[in-house]
Amino acid sequence: MKKISMFVLAVCSTMAFAQKVSDYKYVMIPEKFQTFKNSYGLEASLAKALQGKKYEILPEAMDKWPTVARNNSCNVVTAEVVNDKNLFTNKVILQFKDCNKKVIFESKGRSDIKEFEEGFADALKEALTKVGVSSPVEMLPSRTPDAAQTVVHNTTAEPSTSSAAPAANAYSNGKSDLQKIQVDANQFILAKSGSSVPFAVFKATSKKDVFLVKLADGNTTIGYFENGNIVIDMPLGDGRYSKEVFAGK
């Protein structure tokens, strides 16, 4: 058994300010709003309105995002329109969520127009009046409150005859099918196809084929290449780690 001990340094601490929608340049709009059986084209209407406010609209598929957005998903805010109608009034709730899925802004709109298509569009128009014009600032990666500390991980890895970098682009651990997206020479992402949120972000360390890994739940750990596979030391609840192997497909 080969013992690996390494220091994992947090990149930065949480910024001490309240986020605003106008802080963002990129807005991800889903293909369909979940609370509508028929959304009457609200997705396209929202995209057009936000573009008029100088936001850049992104699709759900992360592999179609520009590099700066893939590099840090916290530069992207997710928009959602919630169906809030009652028997007599067409109403919507416009929400924007950050990379931690926290609602940072919410605006309500209503319309007395009875027809669904016109009424929902009118309600969305009212909700949008409270959304400011994009004036973006760079967001920091999401992290837990104690992430600014230096953390020591002691992990045990099986001996490897080869740590060669994998050549495939699709990987699976038998439960999740993931796509490898190479951001640059020192960074890549594993993401579910069509997902807007990375499963894991890998950043190169000073040790060849060993990476600092930021998981979708905010945990930071290590990953490495082993026999053409990608391995992540998954944190367990009791402070230990389990070896999760993603084999190339």
Peer 1: What are the two closest heavy atoms between Asp177 and Ser172, and how far apart are they?
Peer 2: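 So the two residues come closest at OD1-OG, 3.0 Å.
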
Peer 1: Drop me the distance from Ile189's CD1 to Asp63's CG, to the nearest 0.5 angstrom.
Peer 2: 10.5 Å

Peer 1: Rounded to the nearest 0.5 Å, what separates atom CG in Asn90 from atom OG in Ser111?
Peer 2: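 Answer rounded to 0.5 Å: 6.0 Å.
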
Peer 1: Report the C-alpha distance between Lys125 and Asp122 in whole Å, list the side-chain angles of each, state the deciding distance to 0.1 Å, and finish with yes or no for salt bridge (Lys or Arg N to Asp or Glu O under 4.0 Å).
Peer 2: CA-CA 5 Å; Lys125 184 177 180 180; Asp122 189 49; 5.9 Å; no

Peer 1: So Phe225 and Val210, do their side chains get closer than 4.5 Å, heavy atoms only?
Peer 2: no

Peer 1: Would Lys32 and Glu60 count as a salt bridge (Lys or Arg N to Asp or Glu O under 4.0 Å) here? Give the steps.
Peer 2: CA-CA 10 Å; Lys32 186 180 185 307; Glu60 284 189 275; over 6 Å; no

Peer 1: Can you tell me if Ser135 uses its side chain to pair, donor with acceptor, with the backbone of Ser22 under 3.5 Å?
Peer 2: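 Checked: no pair found.
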
Peer 1: Membership question, hydrophobic clusters at under 4.5 Å side-chain separation (ILVMFWY): are Val68 and Leu58 in the same one?
Peer 2: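 Leu58 clusters together with Val68.
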
Peer 1: With the 4.5 Å side-chain cut-off for hydrophobic clustering, are Val82 and Phe120 part of the same group?
Peer 2: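 They do not share one cluster, since no chain of ILVMFWY contacts under 4.5 Å joins Val82 to Phe120.
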
Peer 1: Can you check whether Tyr24 reaches Pro136 side chain to side chain, under 4.5 Å on heavy atoms?
Peer 2: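 With C-beta onward as the side chain, the pair stays apart.
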
Peer 1: Looking at OG1 of Thr78 and CD1 of Ile104, how far apart are the two atoms once the value is rounded to the nearest 0.5 Å?
Peer 2: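 Reported value, rounded in 0.5 Å steps: 9.5 Å.
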
Peer 1: Please check this pair: side chain of Trp65 against backbone of Pro59, looking for a donor-acceptor N/O pair closer than 3.5 Å.
Peer 2: yes

Peer 1: If I compare all heavy atoms of Gly109 with all of Glu126, which pair ends up nearest, and what's the gap?
Peer 2: CA-OE2, 3.9 Å

Peer 1: What do the steps show when you test Val77 against Phe96 for side chain to side chain contact (heavy atoms under 4.5 Å, CB included), and what is the final call?
Peer 2: CA-CA 6 Å; Val77 66; Phe96 292 87; 3.7 Å; yes

Peer 1: At their closest point, which heavy atom of Val81 faces which heavy atom of Val92, and how far apart are they?
Peer 2: CG1-CB, 3.8 Å

Peer 1: Same cluster or not: are Ile113 and Phe36 linked, directly or through other Ile, Leu, Val, Met, Phe, Trp or Tyr residues, by side-chain heavy atoms under 4.5 angstrom apart?
Peer 2: no

Peer 1: Can you check whether Asp184's main-chain N or O pairs, donor with acceptor, with Gln182's side chain at less than 3.5 Å?
Peer 2: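 Side chain of Gln182 to backbone of Asp184: a pair is present.
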
Peer 1: Could you tell me which non-hydrogen atom of Ser73 sits nearest to which non-hydrogen atom of Cys99, and how far apart they are?
Peer 2: O-CB, 3.8 Å

Peer 1: CG/Leu94 to CG/Asp84 distance, rounded to the nearest 0.5 angstrom?
Peer 2: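 If I round to the nearest 0.5 Å, the distance is 12.0 Å.
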
Peer 1: Within a 6.0 Å radius of atom NZ on Lys114, are there more than 12 heavy atoms belonging to other residues, nucleotides or ligands?
Peer 2: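 It does: Lys114 NZ has more than 12 such atoms within range.
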
Peer 1: Does a side-chain N-to-carboxylate-O contact under 4.0 Å join Glu226 and Lys243?
Peer 2: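 Counted as a salt bridge, because a side-chain N and a carboxylate O are separated by less than 4.0 Å.
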
Peer 1: Which atoms form the tightest heavy-atom contact between Ala191 and Met62, and what is the distance?
Peer 2: CB-SD, 4.4 Å

Peer 1: Consider only side-chain N and O atoms of Asn229 and Asn227, and report whether a donor and an acceptor are under 3.5 Å apart.
Peer 2: no

Peer 1: Please tell me if the side chains of Phe105 and Val131 come closer than 4.5 Å, counting only heavy atoms from C-beta onward.
Peer 2: yes

Peer 1: Working to the nearest 0.5 angstrom, can you tell me the gap between Ile222 CD1 and Leu212 CG?
Peer 2: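 If I round to the nearest 0.5 Å, the distance is 9.5 Å.
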
Peer 1: If hydrophobic clusters are built from ILVMFWY residues whose side chains come within less than 4.5 Å, do Ile29 and Ile93 share one?
Peer 2: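 No.
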
Peer 1: Could you pull out the closest heavy-atom pair between Thr221 and Asp233, with the gap in Å?
Peer 2: OG1-O, 2.5 Å

Peer 1: Membership question, hydrophobic clusters at under 4.5 Å side-chain separation (ILVMFWY): are Met234 and Phe202 in the same one?
Peer 2: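 Yes, it is one cluster - the side chains of Phe202 and Met234 are joined through contacts under 4.5 Å.
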
Peer 1: Any non-hydrogen side-chain atom of Tyr55 less than 4.5 Å from a side-chain atom of Val21?
Peer 2: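 Tyr55 vs Val21: side chains touch.
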
Peer 1: For atom NZ of Lys108, decide whether the heavy atoms of other residues, nucleotides or ligands shown that lie under 6.0 angstrom number more than 12.
Peer 2: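 Check fails, neighbour count at 12 or below.
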
Peer 1: Strictly distance-based, threshold 3.5 Å: is any side-chain N or O of Lys192 a donor or acceptor partner for the main-chain N or O of Ser176?
Peer 2: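 Not confirmed, Lys192 side chain does not pair with Ser176 backbone.
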
Peer 1: With sequence neighbours left out, what residues match Glu244 under salt bridge (charged side-chain N to carboxylate O under 4.0 Å, His left out)?
Peer 2: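 Expected list: Lys175.
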
Peer 1: Could you tell me whether the side chain of Val201 reaches within less than 4.5 Å of the side chain of Val213, counting heavy atoms only?
Peer 2: no

Peer 1: Kindly indicate, with the supporting measurements, whether the criterion side chain to side chain donor-acceptor pair (under 3.5 Å) is fulfilled by Asp217 and Asn219.
Peer 2: CA-CA 6 Å; Asp217 62 5; Asn219 281 314; 3.1 Å; yes

Peer 1: Among side-chain atoms of Gln95 and Glu80, is any donor-acceptor pair under 3.5 angstrom?
Peer 2: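 Short answer, no.
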
Peer 1: State, with a plain yes or no, whether a side-chain heavy atom of Met28 is found less than 4.5 Å away from one of Pro30.
Peer 2: yes

Peer 1: Give, for atom CD1 of Ile230 and atom CG of Asn173, the distance between the pair rounded to the nearest 0.5 Å.
Peer 2: 11.5 Å

Peer 1: May I ask you to test the Leu50-Ser134 pair for a side-chain heavy-atom distance under 4.5 Å?
Peer 2: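 Contact flag for Leu50/Ser134 side chains = no.
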
Peer 1: Checking side-chain polar atoms at under 3.5 Å, does Lys53 have a donor or acceptor matched by the opposite partner on Gln51?
Peer 2: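 No, no side-chain donor-acceptor contact under 3.5 Å.
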
Peer 1: Is the shortest heavy-atom distance from the side chain of Glu118 to the side chain of Tyr40 under 4.5 Å?
Peer 2: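 No, too far: nothing below the 4.5 Å cut-off.
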
Peer 1: Could you point out which residue of Tyr171, Phe188, Phe246 forms a ring-ring contact (aromatic ring centres under 6.0 Å, His included) with Phe199?
Peer 2: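 Of all the options given, the one that passes is Phe246.
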
